[in-house]
Amino acid sequence: MSLYVYNSLTRQKEPFEPADPANVRMYVCGMTVYDYCHMGHARVMVVFDMIVRYLRAIGYGVTYVRNITDIDDKIIARAAENGEPIGDLTERMIAAMHEDLATLGCLTPDAEPRATGSVPDMVEMIQWLLDRDYAYATESGDVYYAVGRFSGYGRLSGENPEELRAGARVEAEPDKRDPLDFALWKAAQPEEPAWRAPWGKGRPGWHIECSAMSYRELGCPLDIHGGGADLKFPHHENEIAQSEAALDCHLARYWIHNGFVRVDDEKMAKSLGNFFTIRDLLAAYDAEILRVFLLSSHYRSPLNYTEENLRGAAGALERLYTALEDLDPVDYPDIGEVPEDLRQWVARLREAMDDDFNTPEAFAVLFELAREVNRRKESEPEEARAAAGVLRMLGGTLGLLQRDPSTFLRRDTGDLSVSEVERLIAERAEARRARDFATADRIRDQLAEHGIELEDRPDGTVWRKQTK
RNA sequence: GGCUGGGUGGCAGAAUGGCCAUGCGACGGACUGCAAAUCCGUUCUACGCGGGUUCGAUUCCCGCCCCAGCCUCCA
């Protein structure tokens with residue numbers, strides 16, 4: 001059995017065959033740091049984190065590079081608006097991003113190159129394009145890519161250059177030879193940061209940074225190039241044009257694009273005023289719940305944000321952690337150590353994930369395994385420990401289930417302190433001993449109003465946070 | 001208009017040419033002082049519409065309708 005990946009370039013699932021299995025080279029377009037990460041960013045980050053984890057879990061070595069765009073029009077505008085230096089704004093947003101991603105359980109990429117730290121690489125690549133006549137400089141000092149010179153333009157997005165020109169909503173830039181041409185370099189403007197280049201001072205266009213940085217960090221071709229679906233056109237199309245013209249090499253073997261986050265079935269967008277930052281949501285939901293939500297639909301499908309769906313994710317995670325509770329799961333550092341009778345679960349998860357990272361199917365496997373753990377819990381504690389160990393290990397391949405179950409299940413006491421909760425539980429225990437069930441039930445109702453759910457067990461009462 | 005994806009039971013969300021997804025919800029049973037959690041069972045003729053291929057299609061083919069995204073900065 002082997003991994004199949006949907007390749008946006010060919011529009012079909014293909015067997016995954018990296019050039020070097022010991023070093024899968026993966027480049028993901030990260031974010032432009034002028035504001036906090038929203039759920040759309042979170043989805044990209046979590047989806048590709050899941051992909052890296054899975055590739056590593058099945059034995060690949062992966063070099064994961066994710067860039068940071070820290071110079072562009074929006075950043076310049078926002079910094080001016082705030083009356084702060086560009087560097088202050090971007091440093092602040094990068095720190096916030098790192099914090100958000102760590103909270104969501106995303107691994108740190110192996111490299112996180114910044115555009116401003118890579119300008120010489122970009123200048124060099126633009127020079128190659130000029131030398132080969134794939135680019136031209138204008139009177140005003142801009143440099144454009146000559147799309148008409150590149151025959152493969154439109155292959156990734158399925159767009160036809162002729163159609164694009166015909167329906168060109170692109171406003172006419174007098175200096176462009178072709179409306180499809182795009183900026184590689186923008187001539188310096190007063191009040192804007194600028195770098196030196198042989199053809200004049202200025203700053204890089206957006207697309208060139210990914211071509212230059214991916215080449216510097218990983219060479220060419222990449223095994224995987226990823227990003228949000230909206231980057232297919234024009235960003236990735238332009239990257240292909242740049243890299244292939246400059247390097248005589250196909251930029252990437254596999255293109256992976258994730259679907260959008262929607263809100264009430266509309267795209268989440270700042271212009272619609274319906275976007276949520278990761279921070280907004282972390283105030284209301286545990287980070288691992290967000291992660292479950294983000295992986296609960298297939299990465300290429302749209303993901304609809306609703307309160308109900310978030311609650312569903314919370315319930316799902318609670319079910320999994322409840323299965324792990326009060327067990328000491330066996331630690332399996334390697335799949336090979338899983339007992340024979342539990343291997344089928346590992347195989348089923350792999351089968352799901354090997355099919356283009358089918359996380360919903362993977363969750364189905366985890367739920368069935370959780371049921372198996374629960375079944376064994378009473379009668380066969382040792383077998384339950386083993387099954388729980390596998391559940392935990394498989395959850396780990398998705399970046400989940402690594403916490404102590406009781407920390408998760410008792411993560412939040414709402415507006416009561418833990419000692420108050422415990423005091424009330426003790427009071428109730430007293431009442432129950434006296435068979436004063438009216439009092440006992442009143443205390444239970446009182447706790448329920450604070451979102452605390454009780455469970456009476458033979459050896460005492462435990463409480464947990466109730467998600468409703 | 002062009003280019004991508006989609007339309008599955010009360011909700012979310014997979015797979016699949018003929019049998020079970022899975023989770024949540026609802027209902028019944030076991031357990032419990034009652035609950036909760038858990039287990040067992042049931043629920044809902046689920047597959048956008050109309051044709052075709054087939055012994056048999058939600059699944060393949062054709063046409064249509066509808067939705068979302070991209071075509072302009074966007075994860």
Side-chain angles (χ1 to χ4, degrees), chain A residues 6 8 11 28-32 37-48 72-74 77 154 156-160 162-164 166-171 180 206 226-235 237 257-262 265-271 275 292-293 296-298 300-304 306 308-320 322-323 325-326 351-352 355 358-368 370-371 373-379 409 432 435-438 440-441 444-445 448 453-458 461-464 466-467:
Chain A
Y6 181 88
S8 307
R11 294 181 194 88
V28 173
C29 289
M31 68 180 290
T32 301
C37 301
H38 60 233
M39 282 302 280
H41 296 115
R43 190 173 190 197
V44 181
M45 306 299 188
V46 168
V47 160
F48 286 97
D72 95 317
D73 294 349
K74 285 189 296 287
L156 175 66
S157 56
E159 301 286 352
N160 176 334
E162 290 310 318
E163 300 279 356
L164 287 172
R169 282 150 70 186
V170 192
E171 66 280 20
L180 295 188
W206 175 36
D230 51 346
L231 295 184
K232 255 193 226 179
F233 189 91
H235 185 56
E237 201 71 71
H257 292 97
N258 67 272
F260 284 105
V261 176
R262 298 187 193 168
D265 286 320
E266 272 191 315
K267 179 181 172 178
M268 183 174 77
K270 297 201 173 178
S271 53
F275 72 97
V292 169
F293 169 66
S296 65
S297 85
H298 184 86
R300 284 190 281 119
S301 303
L303 178 66
N304 199 26
T306 63
E308 197 185 352
N309 291 349
L310 261 301
R311 276 199 302 273
L317 192 56
E318 276 158 23
R319 177 168 169 78
L320 295 175
T322 301
E325 202 183 10
D326 296 323
E351 199 179 329
D355 182 15
N358 191 335
T359 51
E361 185 69 33
F363 274 117
V365 175
L366 297 186
F367 286 122
E368 287 182 50
R371 189 193 312 284
V373 172
N374 288 328
R375 268 194 209 116
R376 295 177 175 202
K377 233 169 181 174
E378 288 292 305
S379 51
L409 295 169
R432 288 180 74 213
R435 303 198 68 79
D436 178 4
F437 295 120
D441 290 351
R444 183 167 62 198
D445 292 343
E453 188 177 63
L454 297 186
E455 180 183 333
D456 294 324
R457 300 187 189 173
T461 298
V462 295
W463 64 271
R464 67 174 70 87
Q466 194 174 30
T467 308

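Naming convention: chains lettered A, B, ... in sequence-line order (proteins, then strands); numbering from 1 in each chain. Values below: every heavy atom of this structure, side chains too, minus hydrogens, waters and symmetry copies.
- For the pair A/Glu361 CD and B/rA12 P, the interatomic distance rounds to 19 Å; values are reported in whole Å.
- Contact annotation for A/Tyr6: backbone-only contact, meaning every heavy-atom pair under 4.0 Å involves sugar-phosphate atoms and none involves a base.
- Straight-line distance from the CZ atom of A/Arg375 to the P atom of B/rC39: 8 Å, rounded to whole Å.
- Residue contacts for A/Phe367: at a heavy-atom cut-off of 4.0 Å it reaches the sugar-phosphate backbone alone, with no base atom in range.
- Protein atom CZ of A/Phe233 is 13 Å distant from nucleotide atom P of B/rC70, rounded to whole Å.
- A/His257 comes within 4.0 angstrom of no nucleic acid atom, judged by non-hydrogen atoms across all strands.
- Atom CG of A/Asp436 and atom P of B/rC34 are 16 Å apart (whole Å).
- A/Arg311 has no side-chain polar atom (N or O) that falls below the 4.0 Å cut-off from OP1 or OP2 of B/rG23.
- Taken to the nearest 0.5 Å, the CD atom of A/Glu455 stands 7.0 Å off from the CD atom of A/Glu325.
- The A/Glu159 side chain lies nearest to B/rC71 when the options are B/rU22, B/rC71, B/rA12.
- Straight-line distance from the NZ atom of A/Lys232 to the P atom of B/rG2: 18 Å, rounded to whole Å.
- Remark: the separation of the C1' atoms in B/rC61 and B/rU22 is 31 Å, to the nearest Å.
- Residue-level contact check: A/Thr306 touches neither bases nor backbone, having no heavy atom under 4.0 Å from any strand.
- If you check every strand for non-hydrogen atoms under 4.0 Å, A/Arg432 touches a base.
- Here the separation of B/rC11 from B/rA26, taken at their P atoms, is 15 Å to the nearest Å.
- Stem regions annotated for RNA chain B: B:1-7 with B:65-71, B:10-12 with B:22-24, B:25-30 with B:38-43, B:48-52 with B:60-64, counting only runs of 3 or more consecutive pairs of Watson-Crick or G-U type with both contacts under 3.5 Å.
- Distances from the side chain of A/Pro360 to the nucleotides B/rG2, B/rA75, B/rG13 place B/rG13 closest.
- Which of B/rG33, B/rA37, B/rG23 sits closest to the side chain of A/Asp441 comes down to B/rG33.
- Formation of a donor-acceptor pair under 3.5 Å by the A/Arg444 side chain with backbone atoms of A/Glu453 is not found in this model.
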